[in-house]
Amino acid sequence: MDCDLARLALSASLDGEASPRELDALDAHLAGCPGCLRWSHQAAVVHRAVRVRPAEPVPDLVAGVLARASVPTPGRGEWVRYALGVVAATNLLLGLPALLLGSGSDGVPVHVARHLGAFVVAISLGLLYCAWRPHRAAGLLPVAAALVTAMLAGAVADVVGGDRPAIAEVVHLFELAGLVLLWLLAGRPWPANPLRPRRLGHAARL
């Protein structure tokens, strides 16, 4: 291998494109050619300077991101947590017989009753968890709203259609109360317009 081929092979090795055979020939040439060896050191320095550069400075976006994130503000009084816990525990006790025994609804097959009981128990456990960990309320809110709305719609349809007496559907008021309390606990889960950045307050700008 002459010097021209050696320098081509060296350039290829810096780019990770040299074959094992070329690398062996290059090593043998560099061992006996001080000029190419010196050139290889210089090429390595230039290659590293081009590939590794200081990161360009970027503006601090933390304040803007946090302003648009609309972090939930749980709380609004400890009474909300306690009330949510009581409502969830009561609803849980009402749903357990249907889940475990398949009972609680006249004329409803055991399989269907257990499925309905599973929904009630699941939403009740979620509400209990949010009463314990209020910062999770915003995450459960969309699922709870969809589930409770669907269950209330079904209850209203049954009452209007004469399939169930209104008194038998009063139990769903616990689910509605739990949803309202969950909304209060979530505080401000979403901004009014998530695509429009809100102005930062004086404290956030600092």
Side-chain angles (χ1 to χ4, degrees), residues 4 6-20 22-23 26-27 30 35-88 119 122-153 175-206:
D4 292 337
R7 296 184 183 188
L8 287 175
L10 178 61
S11 178
S13 69
L14 291 175
D15 295 333
E17 299 177 353
S19 65
E22 289 175 329
L23 292 176
L26 177 62
D27 292 338
L30 293 178
C36 287
L37 181 61
R38 184 169 55 255
W39 190 90
S40 69
H41 292 324
Q42 294 173 350
V45 171
V46 173
H47 182 266
R48 179 173 178 78
V50 172
R51 295 288 296 272
V52 181
R53 293 179 296 176
E56 297 180 1
V58 296
D60 187 3
L61 303 177
V62 174
V65 171
L66 290 179
R68 295 189 61 182
S70 185
V71 180
T73 54
R76 297 198 178 189
E78 288 295 309
W79 70 270
V80 177
R81 294 180 59 191
Y82 298 144
L84 181 62
V86 171
V87 170
F119 277 110
I123 191 64
S124 301
L125 291 176
L127 295 178
L128 280 174
Y129 181 76
C130 289
W132 179 43
R133 291 287 187 265
H135 61 281
R136 300 293 186 184
L140 181 64
L141 189 57
V143 178
L147 181 58
V148 172
T149 300
M151 296 181 75
L152 289 177
E175 298 157 5
L176 180 59
L179 178 61
V180 172
L181 291 170
L182 185 67
W183 174 266
L184 294 175
L185 191 63
R188 188 189 55 184
W190 307 292
N193 185 353
L195 299 180
R196 179 183 300 172
R198 295 192 301 273
R199 292 182 179 179
L200 300 180
H202 178 69
R205 289 197 299 269
L206 297 178

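- The two atoms that bring Leu84 and Ala131 nearest to each other are CD2-N, 3.9 Å, heavy atoms only.
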> Does the pair Leu181 and Trp79 meet the rule for a side-chain contact (heavy atoms from CB on, under 4.5 Å), with working shown?
Replying inline: CA-CA 10 Å; Leu181 291 170; Trp79 70 270; 4.1 Å; yes

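- Among all heavy-atom pairs drawn from Leu185 and Cys130, the shortest one is CD2-O, 3.4 Å.
- Between Tyr129 atom OH and Arg136 atom CZ the span is 4.5 Å, to the nearest 0.5 Å.
- Under the side chain to side chain contact (heavy atoms under 4.5 Å, CB included) criterion, Leu179 pairs with Leu141, Ala144, Ala145, Val148, sequence neighbours left out.
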> Stepwise, does the side-chain contact (heavy atoms from CB on, under 4.5 Å) test hold for Leu140 with Leu127?
Replying inline: CA-CA 8 Å; Leu140 181 64; Leu127 295 178; 4.2 Å; yes

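- Taking both residues in full, the closest heavy atoms of Ala137 and Leu182 are given as CB-CD1, 3.8 Å, listed atom of the first, atom of the second, then distance.
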